[in-house]
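To start, the structure itself, in structure tokens.
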Amino acid sequence: MAKKIVIANWKLNPVDIKEAVKLFSDTKRIASKFSKINVVVAPPAVYLSKFSVNKGNLFLGSQDAFWEKEGAFTGEVSSFLLSNLGVKYSILGHSERRSLGESDEVVRKKVRSSLDNFIFPIVCVGERERDSHGKYLDELRQQIKNSLGKIQKKDLSRIIIAYEPVWAIGKSSRDAINPEKLHEMVIFIRKILTDLFGRESAEQTTIIYGGSVDPTNAKDLCQKGEVSGFLVGGASLNPERFAGIIKSIQ
Ligand code: PGA
């Protein structure tokens with residue numbers, strides 16, 4: 001199995017620069033204790049140029065990326081610029097961006113531009129809610145198919161799929177998916193990837209989970225869910241909780 005990975009998605013936090021610097025240095029210290037696990041910090045974009053990572057298991061991530069390199073695109077930050085800043089991973093198609101109108105087609109362009117700029121795309125997918133007829137499975141299938149459309153088989157090994165059911169995000173550990181259900185979803189996602197790219201590539205794809213992960217549920221979710229790591233929101237803002245998650249899956 002590939003090296004495990006834990007991504008700190010700070011979202012729009014902290015808004016105090018001193019706090020951000022402190023949080024980054026705490027996270028750096030934590031990462032250095034767990035060299036077997038890759039740790040990615042995805043802060044608000046304005047902090048990226050202030051944080052430096054040395055060689056090792058800590059990497060910079062962005063929470064988004066724009067596909068065009070340069071030009072008349074007010075407000076956008078391109079994969080090209082992010083790459084120049086040392087960003088190695090980009091979270092793409094997070095549900096909080098999709099809810100602001102980001103489509104699968106837009107996510108697909110961002111995946112392409114990230115790959116072209118040597119950034120690993122972390123493609124977020126997940127159903128908004130569950131229904132008893134299994135419509136949510138179709139929703140997930142479409143999201144994966146469209147967000148990865150036209151991606152070549154050889155590129156799949158550089159893509160991380162983050163399964164993040166929207167109903168489980170930003171709550172307490174009790175509200176996360178249960179590990180057995182997560183395992184079912186991982187199998188389902190690999191089946192979709194097999195249909196798109198063939199079995200061998202699908203089996204090697206890194207799949208992680210996000211949605212109310214904390215130190216109390218991380219171990220079971222990782223082991224029984226058979227994921228390679230986590231995308232962590234709330235708990236990544238608290239060094240102790242973040243360290244607890246990494247420790248429990250090392
Ligand atoms: P959460 O966020 O860990 O706070 O649920 C996860 C995410 O939105 O990526």
Side-chain angles (χ1 to χ4, degrees), residues 4-15 19-20 23 26-27 30 37-45 47-48 59-65 87-102 107 110-111 114 120-130 136 139-140 143-144 147 159-179 181-182 185-186 189 206-222 225 227-249:
K4 290 200 183 102
I5 186 164
V6 180
I7 297 141
N9 177 14
W10 290 4
K11 308 190 178 187
L12 188 50
N13 303 290
V15 293
E19 258 183 64
L23 182 58
D26 286 344
T27 307
I30 292 163
I37 298 196
N38 283 339
V39 177
V40 179
V41 178
Y47 297 142
L48 282 168
F59 302 92
L60 278 184
S62 69
Q63 299 176 13
D64 188 23
V87 166
K88 295 282 184 250
Y89 293 83
S90 286
I91 300 171
L92 302 174
H94 190 280
S95 60
E96 285 153 18
R97 296 204 54 80
R98 290 181 186 266
S99 73
L100 294 173
E102 188 156 306
V107 175
K110 293 177 174 183
V111 172
S114 300
F120 297 107
I122 300 160
V123 182
C124 302
V125 294
E127 74 279 6
R128 275 176 297 254
E129 52 191 22
R130 293 214 162 179
Y136 70 95
E139 184 185 344
L140 190 61
Q143 253 182 12
I144 295 175
S147 306
I159 293 175
I160 295 172
I161 305 283
Y163 171 59
E164 295 210 303
V166 182
W167 49 265
I169 293 177
K171 302 199 174 142
S172 76
S173 56
R174 286 190 312 274
D175 303 299
I177 197 169
N178 79 44
K181 286 251 155 49
L182 175 58
M185 295 310 288
V186 169
I189 291 169
T206 303
I207 301 177
I208 63 173
Y209 167 78
S212 302
V213 176
D214 81 358
T216 65
N217 61 14
K219 189 173 179 192
D220 268 2
L221 283 168
C222 188
V227 289
S228 301
F230 299 116
L231 182 51
V232 184
S236 72
L237 299 172
N238 177 313
E240 214 174 296
R241 290 174 72 206
F242 192 60
I245 292 171
I246 299 176
K247 191 167 177 213
S248 68
I249 67 161

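Nothing here was measured: the structure is a model prediction, and the numbers come from that model. All ligand and atom numbering here is 1-based and tracks the order in the structure.
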Gly233 N/O under 3.5 Å from ligand 1 N/O: yes
Subset of ligand 1 atoms that lie under 4.0 Å from at least one heavy atom of Gly170: 1 (P), 4 (O), 5 (O)
Shortest non-hydrogen contact between Ile30 and Pro239, atoms and distance: CD1-O, 3.3 Å
Any N/O pair Lys171/ligand 1 closer than 3.5 Å: no
Over 12 non-hydrogen atoms of neighbours within 6.0 angstrom of NZ in Lys171: yes
Lys11: numbered ligand 1 atoms lying under 4.0 Å from its heavy atoms: 2 (O), 7 (C), 8 (O)
Student check: side-chain heavy atoms of Trp167 and Asp175 closer than 4.5 Å: no
Residue pair Trp10 / Gln63, side-chain donor-acceptor N/O under 3.5 Å: no
Shortest protein contact, atom 9 (O) of ligand 1 (heavy atom only): Glu164 OE2, 2.8 Å
4.0 Å heavy-atom contact, Ser212 with ligand 1: yes
Atoms in ligand 1 with a heavy atom of Gly211 nearer than 4.0 Å: 5 (O)
Among Ile160, Val186, Val125, side-chain contact (heavy atoms from CB on, under 4.5 Å) partner for Ile207: Val186
Ligand 1-proximal atoms of Ile169, by part, heavy-atom distance under 4.0 Å: both
Per-atom contacts, ligand 1 versus Asn9 - under 4.0 Å to a heavy atom: 9 (O)
Greater than 12 external heavy atoms within 6.0 Å of Lys219's NZ: no
Geometric class of the Tyr209/Tyr163 ring pair [parallel <30°, tilted 30-60°, perpendicular >60°]: tilted
Close N or O approach (Gly234, ligand 1; < 3.5 Å): yes
